[in-house]
**Student:** 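One structure is given below, represented as structure tokens, and several questions about it will come after.
In listed order, ligands and their atoms are each counted from 1. Numbering starts at 1 and runs along the sequence shown.
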Amino acid sequence: MLPDVARAWEYVERVAQELFSRYGYEPIYTPLFEHTEVFTRGIGEATDIVSKEMYTFEDRADRSLTLRPEGTASVVRAALEHGLVPQGAFAKLYYAGPMFRYERPQKGRMRQFWQIGAELLGAAEPSADAEMILLLWRFFEAVGVPDDRMRLLVNSMGDEACRPAYRDSVRAFILEHADDLCDECVRRADTNPIRAFDCKNPVCVTIVDEAPLIVDALCEPCAAHYATVKRLLDETGLEYEEDPRLVRGLDYYTRTVFEVQAEGLGAQNGIGGGGRYDRLMEEYGGPPTPGLGFALGVERTLLAMEAADVAIASHPLADVYVAAVDDTVRDDAFLICEELRSGGIAAEADHQSRSLKAQFKQAGRLEAAFVVVVGPDELAAGELTVRDMATKVETRVARADILPDLEALMRESELLDDSDAVGGTDDGVDEGPGAAAPDGLDGEV
Ligand code: HAM
């Protein structure tokens, strides 16, 4: 990730941090690798991720370890191990970091990719599902992806009461059509028949279109839960599509699943997705603990932003350049630069014995708004010159007052406002690369 991309990347992460903490989420960091069993158990042996995409290796003590292919399994493992969800309590956790899947790389699909995810443990109510779906949608809105370039799909996968019979009916359907379906669909009929809904083979797609749908097979409590999730979403005005064929690629889901898709990502149109996993904590030997969450892909988010022409302005590398007129004042320029930086101003000075002219050129390249000119005569008189690079106006200021005077000049030219320090490092989200629009909604990031 080279600086241009990395800056946009940091912006996306800051938006998530600010937004997720507004919804009550706290950060959690889990290891990049864990015992393989954490993933096989949670994600499911019959999933693509576990059966063919994990980076699994043995360490020097012959333990089987795996680079994490996703974050949920680790978060739930950690929550159980450290008792983060005592009886009756709940935990709201979010994470960001690289995940690893041995997939066939293409646009928007990497073997190392970055996810930002949120997990809510301990909440069984459908309002939690609605909140989770909203949070994911709000995130994409906040980074500037326009609503009309995204689709929100929702479905219910049922639970242990209604899904087994449904799976059997899909299995029976697949076996009935085994002669026409691809080998993979037929092979999975025993272990994971529902995955046939995800098969991209055009013949399979047409056949599976006729397969029984989970919505018609939900038990009463699952149907009621799903109805409430949809009603709450309706009441917030969020538009979604029910997709009874949305099954998602992980085994831990129960009841609600959802996905946000966006344009401009090639074959990979899922930018984020998630769902409920009320049995996962028990899979790890813990007490029954409902849970749900989502993860979004950072690379795919950036692709969606790019496709929607969300401008990612380049950020000036310095607001102020401190130029030395000659060698006698280089040390002073160095010290003034440090004084400005300590005072919160993004400042830069020369380290390459450049001439004054070359220093001004460099200030231009860095897009500095002001140049502080340090000259021997002015300095002897206890003064400095500040040049406004846009208006070319020069102001004499007292050496002792350089910091407050520059701050005043920057405030006048709106490089500073009362709430923030220069450089946009204090309150994050309000300052995208190059001073972003407050929540990205108007597109200029
Ligand atoms: P997932 O759908 O497998 O869900 O991944 C979530 C997001 O990660 C995808 O929507 C996509 O943006 C991104 N992603 C996945 N694979 C790749 C890849 N190879 N290259 C680039 N981006 C990728 C999960 O991982 C679940 N843990 C989500 C969840 C959290 N469910 C409940 N809680």
Side-chain angles (χ1 to χ4, degrees), residues 1 9 12 16 20 25 28 30 34 38-39 42-44 47-50 52-55 67-79 91-121 123 128-129 131-133 135-137 139-140 143 145 150-155 157 195 198 246-262 264-281 283 290-305:
M1 233 92 58
W9 197 277
V12 163
F20 290 15
Y25 287 81
I28 184 168
T30 67
E34 303 236 11
V38 170
F39 304 113
I43 299 168
T47 58
D48 281 356
I49 294 179
V50 170
K52 44 188 187 198
E53 294 172 2
M54 294 204 307
Y55 281 91
L67 298 184
R68 61 182 187 190
E70 57 106 53
T72 311
S74 304
V75 169
V76 173
R77 189 271 308 147
K92 287 178 139 182
L93 303 162
Y94 79 88
Y95 51 88
M99 307 291 160
F100 306 85
R101 294 184 194 175
Y102 196 87
E103 291 191 82
R104 201 162 44 78
Q106 52 176 252
K107 184 179 179 188
R109 191 164 75 192
M110 293 85 178
R111 289 181 172 165
Q112 175 174 333
F113 58 98
W114 203 277
Q115 279 188 348
I116 300 178
E119 313 289 348
L120 166 44
L121 305 175
D129 308 49
E131 178 184 299
M132 203 43 104
I133 293 170
L135 177 57
L136 180 61
W137 188 262
F139 166 80
F140 291 121
V143 295
V145 184
M150 297 190 284
R151 295 168 71 200
L152 170 61
L153 307 178
V154 298
N155 189 23
M157 302 277 294
R195 292 288 295 161
D198 267 354
L246 177 69
V247 292
R248 310 232 340 110
L250 302 107
D251 271 1
Y252 50 59
Y253 291 119
T254 51
R255 296 192 166 171
T256 317
V257 288
F258 53 94
E259 192 161 288
V260 176
Q261 302 186 341
L265 287 88
Q268 309 302 313
N269 55 3
I271 50 176
R276 184 169 271 289
Y277 45 79
D278 290 342
R279 313 293 303 186
L280 189 52
M281 189 73 105
E283 281 293 323
L292 71 165
F294 65 71
L296 59 97
V298 175
E299 292 86 352
R300 291 188 195 174
T301 301
L302 291 173
L303 283 174
M305 289 164 70

**Student:** Compare Gly42, Gly108, Gly272, Gly293 and give the one whose heavy atom is closest to atom 32 (C) of ligand 1.
**Tutor:**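 Selected option, by shortest heavy-atom distance: Gly293.
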**Student:** Counting heavy atoms only, name the option from Met99, Arg300, Glu53 that's nearest to atom 17 (C) of ligand 1.
**Tutor:** Arg300
**Student:** Look at atom 14 (N) of ligand 1 and say which protein heavy atom is nearest, naming residue and atom and giving the distance to 0.1 Å.
**Tutor:** Phe113 CE1, 3.5 Å
**Student:** Answer yes when Asp48 and Arg195 have at least one side-chain N-carboxylate O distance shorter than 4.0 Å, and no when they do not.
**Tutor:** yes
**Student:** I'd like to check which ligand 1 atoms, numbered from 1 as shown, lie under 4.0 Å from a non-hydrogen atom of Thr72.
**Tutor:** 26 (C), 27 (N), 29 (C), 30 (C), 31 (N), 32 (C), 33 (N)
**Student:** Do Arg109 side-chain atoms and Arg104 backbone N/O form a donor-acceptor pair below 3.5 Å?
**Tutor:** yes
**Student:** Can an N or O of Gly270 be found at a distance shorter than 3.5 Å from an N or O of ligand 1?
**Tutor:**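 Yes, at least one N or O pair falls under 3.5 Å.
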**Student:** Between Arg111 (side chain only) and Glu103 (backbone N and O only), is there a donor and an acceptor less than 3.5 Å apart?
**Tutor:**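 Looks like yes, one N/O pair under 3.5 Å.
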**Student:** Have a look at Arg248, Arg101, Arg109 and point out the one with the heavy atom closest to atom 2 (O) of ligand 1.
**Tutor:** Arg248
**Student:** Can you measure from OG1 (Thr47) to CE (Met54) and round to the nearest 0.5 angstrom?
**Tutor:** 7.5 Å
**Student:** Among Phe139, Tyr25, Phe20, which residue satisfies the ring-ring contact (aromatic ring centres under 6.0 Å, His included) criterion with Phe294?
**Tutor:**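 Between Phe294 and the candidates, ring-ring contact (aromatic ring centres under 6.0 Å, His included) is satisfied uniquely by Phe20.
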**Student:** Using a strict cut-off of 4.0 Å, indicate which atoms of ligand 1 neighbour a heavy atom of Glu119.
**Tutor:**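 The list of qualifying atoms is 30 (C), 32 (C), 33 (N).
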**Student:** Please could you name the atoms of ligand 1 that Tyr252 approaches to less than 4.0 Å, counting only its heavy atoms?
**Tutor:**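 Matching atoms, with element in brackets: 26 (C), 27 (N), 29 (C), 31 (N).
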**Student:** Rounded to the nearest 0.5 Å, what's the gap from NZ on Lys92 to CG on Leu121? Could you check?
**Tutor:** 11.5 Å
**Student:** Which of the numbered atoms in ligand 1 are under 4.0 angstrom from any heavy atom belonging to Ile271?
**Tutor:**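 Here the atoms of ligand 1 in question are 10 (O), 12 (O).
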**Student:** Quick test: of every protein heavy atom, which one is nearest to atom 27 (N) of ligand 1, and how far off is it to 0.1 Å?
**Tutor:**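 Minimum-distance protein heavy atom for atom 27 (N) of ligand 1 reads Glu70 OE1, 2.5 Å.
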**Student:** Got the closest protein heavy atom to atom 8 (O) of ligand 1, with its distance?
**Tutor:** Gln115 NE2, 3.1 Å
**Student:** Is the closest heavy-atom distance from Gly117 to ligand 1 below 4.0 Å?
**Tutor:**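 Flag not set, Gly117 not near ligand 1.
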**Student:** Please report which non-hydrogen protein atom sits nearest to atom 13 (C) of ligand 1, along with the residue it belongs to and the distance in Å to one decimal place.
**Tutor:**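 Among all protein heavy atoms, the one nearest atom 13 (C) of ligand 1 is Gly297 CA, 3.7 Å.
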**Student:** Ignoring hydrogens and geometry, is there a side-chain-to-backbone donor-acceptor pair from Asn155 to Leu246 under 3.5 Å?
**Tutor:** yes
**Student:** Taking distance alone, with no angle check, do Ala118 and ligand 1 share an N/O pair under 3.5 Å?
**Tutor:** no
**Student:** When you measure from atom 31 (N) of ligand 1 to every protein heavy atom, which one gives the shortest distance, and what is it?
**Tutor:**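 Sorting protein heavy atoms by distance from atom 31 (N) of ligand 1 puts Tyr253 OH, 2.7 Å first.
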**Student:** I need the atoms of ligand 1 closer than 4.0 Å to a non-hydrogen atom of Tyr277, numbered in the order shown.
**Tutor:**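 This gives 32 (C), 33 (N) as the contact atoms.
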**Student:** Between the main-chain N or O of Ile49 and the side-chain N or O of Arg101, is there a donor-acceptor pair closer than 3.5 Å?
**Tutor:**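 Answer holds: no.
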**Student:** Return yes if some donor-acceptor pair links the side-chain N/O of Arg300 with the main-chain N/O of Gly108 below 3.5 Å, else return no.
**Tutor:** yes
**Student:** Check for a donor-acceptor pair, side chain of Arg68 on one end and backbone N or O of Thr30 on the other, with a separation under 3.5 Å.
**Tutor:** yes
**Student:** Quick one: look up the protein heavy atom nearest atom 20 (N) of ligand 1 and list residue, atom name and how far away it is.
**Tutor:**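 Going atom by atom, the protein heavy atom closest to atom 20 (N) of ligand 1 ends up being Met110 N, 2.9 Å.
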**Student:** Could you list which atoms of ligand 1 come closer than 4.0 Å to a heavy atom of Ala295?
**Tutor:** 6 (C), 7 (C), 28 (C), 29 (C), 30 (C)
**Student:** So, the side chain of Arg276 versus the backbone of Thr256: is there a donor-acceptor pair under 3.5 Å, distance only?
**Tutor:**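 Checking the backbone N and O of Thr256 against the side chain of Arg276, no donor-acceptor pair under 3.5 Å is found.
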